[in-house]
Amino acid sequence: MGFKQEGSALVFYHQGERLKIEPWGRDSLRVRATVLRDFTGNDWALTESVEHNADIVVEEKAENLPGEDKSPRQTGAIVNGRIRAEVNHRGVISFYRDNTLLLREYFRAYDGTISRQSRCLKTVNREWKGVIGGTEHSLLVKFESNKEEKIFGMGQYQQECMNMKGCVLELAQRNSQISVPFALSSLGYGFLWNNPAVGQVAFGNNYYQWEARSTKEMDYWITAADTPKEILQNYTAATGRAPLFPEDRMGLWQCKLRYRTQDEVLEVARRYQAEGIHIDQMVIDFFHWTLQGDWKFDRKYWPDPKTMVEELHAMGTKVIVSVWPSVDRKSENFWPMMEQGLLMRTERGAAQTYDFQGDCVEIDVFNPEARAYVWEACKKNYFDLGIDAFWLDNSEPDLGVYDFDHYRYCDGPALSLSNLYPQWMSRAFFEGMEKEGRGPIVNLLRCCWAGSQKYGNVIWSGDVPSTFEAFASQIQCGLNMGLCGISWWTTDIGGFMTDDVNDPDFRQLLIRWYQFAVYSPVLRMHGDRGPHNIPPLDDRDWGGGYLYTGQPNELWSYGEENYAIMKKYYELRLALHGYIKSLYQEAHENGSPLLRAMFYEFPEDQACWQLQDQYMFGGKYLVAPVLKLNQFAREVYLPAGQWRLTSTGQCFPGGQTVTVDAPIDYMPVFERVE
């Protein structure tokens with residue numbers, strides 16, 4: 001038992017646990033603990049070079065916890081700029097910004113030496129329980145709750161709540177659920193749970209509890225600052241920032257489920273060209289291939305993809321193709337990868353992890369040989385033909401059953417690290433493309449983890465329903481993703497799953513979603529448009545012709561009136577090009593998102609901390625999406641300053657809520673008047 005200084009770190013040994021706190025960037029600390037012999041050496045999301053300076057003090061000091069007696073006892077403290085951590089004689093940590101308490105670990109126990117209120121609960125701040133048969137432990141870490149606190153970030157959860165206070169969140173990746181475990185607090189701190197293990201966090205009103213179901217160490221990072229912008233700047237300095245986004249992909253991305261042939265792709269591209277609408281990127285969705293895991297075009301329907309790509313490039317259009325991590329048992333790559341140990345393993349029963357349109361096993365992206373194998377196949381069959389980017393779909397990965405204790409990777413059980421899967425999937429292609437020297441790199445993924453922003457990822461919100469309720473949820477999803485460093489984010493315009501494209505209610509939803517997308521990082525048409533009454537191209541049970549396709553999803557597909565609205569907003573997107581470029585530049589320089597919660601720009605305005613149905617697009621435009629069917633006016637809160645309504649040019653003073661018209665061809669937007 002006792003404190004000591006190791007280099008710039010404060011170390012504390014107590015009852016078999018080793019605790020280490022060290023400076024990790026401006027006004028920031030990294031906290032690790034283990035009950036094993038030593039730490040793993042994994043930095044996980046904390047990959048960037050940051051300053052490491054601190055003052056460390058070990059002294060006799062009276063306890064300052066509620067219910068403790070005031071007898072002097074040995075304590076340790078470490079200070080890095082404005083943040084200070086104090087550790088008492090039992091290893092309970094308290095964090096301060098300047099002299100204000102920000103966060104304290106939760107402890108309700110009794111060791112026979114001092115009295116304490118609730119001492120019989122025997123609840124400790126860090127609870128380790130060995131996983132039988134392995135070196136991993138389950139871990140619970142508890143913190144005191146502040147009833148006035150609001151918590152944002154944490155990635156993307158399909159729910160109504162933007163403020164995570166009071167929420168229970170699964171720390172696991174699923175289709176449309178993205179765990180990025182960085183919490184931004186209204187009290188002036190940011191907290192990264194730097195652990196890719198499957199688990200759970202509960203931000204309760206009584207206490208907070210972080211859980212890792214299988215891990216070798218505790219690892220979290222905390223930073224202190226006055227504003228959300230400064231917190232995010234510190235966080236992205238430690239975890240990385242997005243590269244510069246290329247100007248030639250800031251316009252329209254065209255996609256549907258699914259273009260089945262290269263003739264269909266070219267027909268659509270030629271029609272757009274004739275209409276005078278430029279496509280920045282043409283997206284070729286799934287099952288253009290022979291079998292999952294073949295990672296190549298079915299040449300029956302894509303006989304000359306190189307010539308197709310060349311024609312699209314001549315139009316100034318980039319091309320992106322869908323790649324899945326699943327390998328069908330009938331694929332030419334299945335048995336070679338199985339024999340080399342490049343696929344995921346199951347703990348029990350048959351070797352199957354995915355069963356959509358085939359008997360499949362996903363690749364083990366934690367194995368560098370697996371990443372190299374997949375990249376080389378995709379390089380040969382796509383990249384060398386001129387394909388510009390990759391749509392890394394199902395990158396969570398999607399699983400037949402989300403029983404995480406059933407799967408294992410070469411680096412360990414899925415329970416201990418599977419949240420990192422989408423990042424390694426991304427890196428397989430980012431690093432391969434980087435090595436080839438052809439960039440800039442912009443790939444599309446359905447999932448990510450902390451730090452993924454630096455690997456050229458556009459993240460989209462997954463296969464969400466085509467409903468106004470889902471649309472409203474995507475607003476808070478995008479805002480929270482931005483608050484945990486993921487600035488390149490998008491959605492399927494109109495939602496993914498549509499029963500009937502002719503339904504006027506759906507078409508109204510599509511227009512409202514499209515208007516929002518114009519004021520978002522990436523403008524991307526996509527969706528599975530029903531009804532599925534289009535016959536397959538052939539009667540094979542494999543290949544590019546057998547699977548269903550959706551109805552047309554081009555701008556002109558929804559009637560002349562809607563086409564006129566979408567063209568008007570397309571022109572608006574082009575007019576915003578210079579401004580959008582400046583927002584991407586800012587994301588690259590300081591980590592600021594393009595979609596910004598109102599409090600990000602106005603942290604002193606308490607009303608802004610309550611809002612989730614309007615947002616700032618950068619620092620200039622206040623955007624108020626229309627989130628209900630047949631809603632043609634809405635209330636908008638205006639913070640301090642002067643605001644010009646873009647439809648009429650009328651100016652409004654801030655500090656009030658106004659009601660503005662929102663006809664079907666207009667979404668309320670206010671320009672901030674300097």
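Computed from a predicted model, the values in this text were never measured in an experiment. For this chain, numbers begin at 1 and follow the sequence in order.
Checked options Tyr259, Phe297, Trp391; the residue passing with His288 is Phe297 (criterion: ring-ring contact (aromatic ring centres under 6.0 Å, His included)).
Using a 3.5 Å distance cut-off with no hydrogens or angles, the side chains of Trp489 and Gln156 do pair a donor with an acceptor. Side-chain contact annotation: Ser452 with Gln423, donor-acceptor N/O pair under 3.5 Å present. Under the 3.5 Å distance criterion, with hydrogens and angles disregarded, no donor-acceptor pair is assigned to the side chains of Gln173 and Ser179. Side-chain atoms of Gln515 and Arg512 form a donor-acceptor pair, as typed in the model, at a separation below 3.5 Å. In this structure, a donor-acceptor pair under 3.5 Å is absent between the side chains of Asp359 and Tyr354. Side chains of Gln474 and Thr491: a donor-acceptor N/O pair is absent below 3.5 angstrom, by distance only. Side-chain atoms of Arg529 and Asn553 include a donor-acceptor pair closer than 3.5 Å. In summary, the side chains of Ser592 and Asn590 do present a donor paired with an acceptor at a separation below 3.5 Å, with no hydrogens or angles considered. At a cut-off of 3.5 Å, with distance as the only test, a side-chain donor of Asp398 or Tyr402 sits close to an acceptor on the other residue. Looking at Thr646 and Tyr666, their side chains do bring a donor and an acceptor atom within 3.5 Å of each other. Ser331 and Asp294 form a side-chain donor-acceptor contact under 3.5 Å, judged by distance and modelled atom types alone. A donor atom on one side chain and an acceptor atom on the other are found under 3.5 Å apart for Glu275 and Tyr563.
Using a cut-off of 4.0 Å between Lys/Arg side-chain N and Asp/Glu carboxylate O, Arg446 and Asp463 are scored as salt-bridged. Between Glu560 and Lys567, none of the side-chain N atoms (NZ, or NE/NH1/NH2) sits under 4.0 Å from a carboxylate O, so this pair counts as no salt bridge. Ion pairing between Asp280 and Arg249 fails under the 4.0 Å rule for side-chain N and carboxylate O. Classification of Glu310 and Lys306 as a salt-bridged pair holds, one side-chain N sitting under 4.0 Å from a carboxylate O. Under a 4.0 Å N-O distance rule, the pair Asp538/Arg540 qualifies as a salt bridge. A salt bridge is absent between Glu431 and Lys435; no separation between the charged side-chain nitrogens and carboxylate oxygens falls under 4.0 Å. A salt bridge does not link Glu264 to Lys256: none of the charged nitrogens lies less than 4.0 Å from a carboxylate oxygen. By the 4.0 Å N-to-carboxylate-O rule, Glu396 lies too far from Arg174 to be salt-bridged with it.
Aromatic rings from Trp324 and Phe286 are positioned such that their centres are separated by under 6.0 Å. Between Tyr409 and Tyr421, the distance separating the two ring centers is shorter than 6.0 angstrom. When ring centroids are compared, Tyr272 and His278 stay outside the 6.0 Å threshold. Aromatic pair Trp295/Tyr382: centroids not less than 6.0 angstrom apart. Aromatic rings of Phe383 and Trp375 (six-membered ring for Trp) have centroids within the 6.0 Å cut-off, being under it.
Proximity of a side-chain donor or acceptor of Asp499 to a complementary backbone N or O of Gly530 within less than 3.5 Å is not detected. Side chain of Thr236 to main chain of Leu232: a donor-acceptor pair is present (N/O by atom type, distance under 3.5 Å, no hydrogens or angles). One N or O on the side chain of Gln262 and one on the backbone of Asp304 form a donor-acceptor pair closer than 3.5 Å.
Contact annotation: the side chain of Tyr584 never approaches that of Pro246 to less than 4.5 Å [non-hydrogen atoms, C-beta and beyond].
When every heavy atom of Thr317 is checked against every heavy atom of Ile279, the shortest pair comes out as OG1-O, 2.7 Å.
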* Is there a side chain to side chain donor-acceptor pair (under 3.5 Å) between Gln158 and Ser473 once you walk through the steps? -> CA-CA 6 Å; Gln158 300 296 334; Ser473 293; 5.0 Å; no

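By the 6.0 Å and 45° rule, Arg260 does not stack over the aromatic ring of Trp289.
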